[in-house]
Protein chains: 2
Amino acid sequence: MEKIISKYKGKFKLTPQRIAILKFLDNNTGHPTAEDIYNEIRKKYPTVSFATVYNTIQALKDRGELSEVTIDPQRKHFDPNLRPHHHIICTVCNRIGDIFTDFSAVLHLPEEILAEYTLTGNHIDFYGVCSECRTGKESMFQQ
Amino acid sequence: MEKIISKYKGKFKLTPQRIAILKFLDNNTGHPTAEDIYNEIRKKYPTVSFATVYNTIQALKDRGELSEVTIDPQRKHFDPNLRPHHHIICTVCNRIGDIFTDFSAVLHLPEEILAEYTLTGNHIDFYGVCSECRTGKESMFQQ
DNA sequence: TACTATCTTGGAACAATTCTATTATAGAAT
DNA sequence: ATTCTATAATAGAATTGTTCCAAGATAGTA
Ligand SMILES: [Mn+2]
Ligand SMILES: [Mn+2]
Ligand SMILES: [Zn+2]
Ligand SMILES: [Zn+2]
């Protein structure tokens, strides 16, 4: 927490609302939506507005400290972890988990694709069912 | 086209609007949005409504004949090709290309992930710059 | 302590999508 | 061919997620 404050000192105004947002996002691996952030901050600052949440998200994205995760067709999720990584989505509860393996070396693309595109990156969405969602219904997911 | 009509015969009502939509989607590799479909159908049926486009999309999804591509944070794209495949997005023009390589065998996940999830699938988004977007500015993309 | 650039806020605006009530029609039954 | 009815098309309202805006508040500096 002290680290958060010192990190942003002099870079952008640290208001109580922003500090609460930064605190919530710090090491947050839950891929929260704007609404998730809003609901959390509202606990401590009941009058916080969605505009503040979106403004802060935008400020952090502009500073390259937050990324947008496009997995959920309904809403945007955000990720404070900027280390390149992949995701795994539980198809039952929709929770998004992180996978820190670099697969670039094994993702050999066909020549025709390499001829047409200059590659810059890749992102994998794995799909599965998490252990919590399997509990009590193991049989449903056994092959 | 005849094939389309016979394929749907007796399964769902073939209206002129739906036939136009099916025709547009048949073998369409352009990953159109609802608006793309609407604009195309409107050429022939100027009074077609967005509701008809969305209704038909939904009917096709329900019948498992159209899938939704969640890549663009702004809007949904649709894909009539149900064969599992991956995508490559040009980061300049945002066009979405198809990649029909199955990487499952080389995507070895860490034990802790395999312990937590029952895997069911994967989808890769590759990023790059297409040849058209490179034209005249090759230098920008050379390493 | 005062100043001001920046931030917060509520609500309006917006864009994509879904819903609703009404009218029209494809395809089946006669 | 004509009638019938379940299903589809339509216009527009409603909903949802997100962005914009104008006014008042405040963090950080002087
Ligand atoms: Mn992540
Ligand atoms: Mn595709
Ligand atoms: Zn789950
Ligand atoms: Zn391009």
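In the text below, chain A, chain B and the rest are named by the order of the sequence lines, each starting its count at 1.
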Examine C:dT9: is either OP1 or OP2 under 4.0 Å from a nitrogen or oxygen in the side chain of A:Thr47? Give yes or no. yes
Here the gap from A:Phe126 atom CZ to B:Leu107 atom CG, rounded to the nearest 0.5 Å, amounts to 4.5 Å
Nearest whole Å is fine: how far is C:dG10 P from A:Phe50 CZ? 12 Å
Candidates C:dA26, C:dC19, D:dC20 - which lies nearest the side chain of A:Ala51: D:dC20
Tell me: OH of A:Tyr38 to C1' of C:dT9, nearest whole Å? 11 Å
Distance below 4.0 Å between B:Tyr54 side-chain N/O and C:dT18 OP1 or OP2: no
Examine C:dT8: is either OP1 or OP2 under 4.0 Å from a nitrogen or oxygen in the side chain of A:Thr15? Give yes or no. yes
Is B:Gln17 close enough to C:dT25 that one of its side-chain N or O atoms is under 4.0 Å from OP1 or OP2 there? no
Answer yes if B:Ile71 and A:Ile71 sit in the same cluster of Ile, Leu, Val, Met, Phe, Trp and Tyr residues linked by side chain heavy atoms under 4.5 Å apart, and no otherwise. no
Could you give the CG-to-C1' distance, from B:Asp62 to D:dT7, as a whole number of Å? 14 Å
Go ahead and name the base partner of C:dT30; Watson-Crick or wobble counts if both distances stay under 3.5 Å, otherwise write none. D:dA1
Check for me, please, whether B:Tyr8 and B:Ile41 land in the same ILVMFWY cluster - side-chain distances under 4.5 Å, paths through other members count. yes
By nearest nucleotide on DNA chain C, pick out whichever of B:Lys13 and B:Gln74 is the more 5' one. B:Gln74
Is any side-chain N or O of A:Lys76 closer than 4.0 Å to OP1 or OP2 of D:dT19? yes
Of the candidate nucleotides C:dC7, D:dT10, C:dT9, which contains the atom at the shortest distance from the side chain of B:Ser49? D:dT10
Write down the distance between CD1 (B:Ile57) and P (C:dT18), rounded to a whole number of angstrom. 9 Å
Please give, in whole Å, the distance from C:dT25 P to B:Ile19 CD1? 14 Å
Rounding to a whole Å, what distance do you find between A:Ile41:CD1 and C:dT8:P? 12 Å
Separation of A:Arg63 atom CZ from C:dC7 atom P, in whole Å? 10 Å
Taking only N and O in the side chain of B:Arg18, is any of them less than 4.0 Å away from OP1 or OP2 of D:dA9? yes
To the nearest Å, give me how far apart CD (A:Gln58) and C1' (D:dT18) are. 11 Å
Could you check whether the rings of A:Tyr38 and A:Phe50 sit parallel, tilted or perpendicular, using 30° and 60° as the cut-offs? parallel
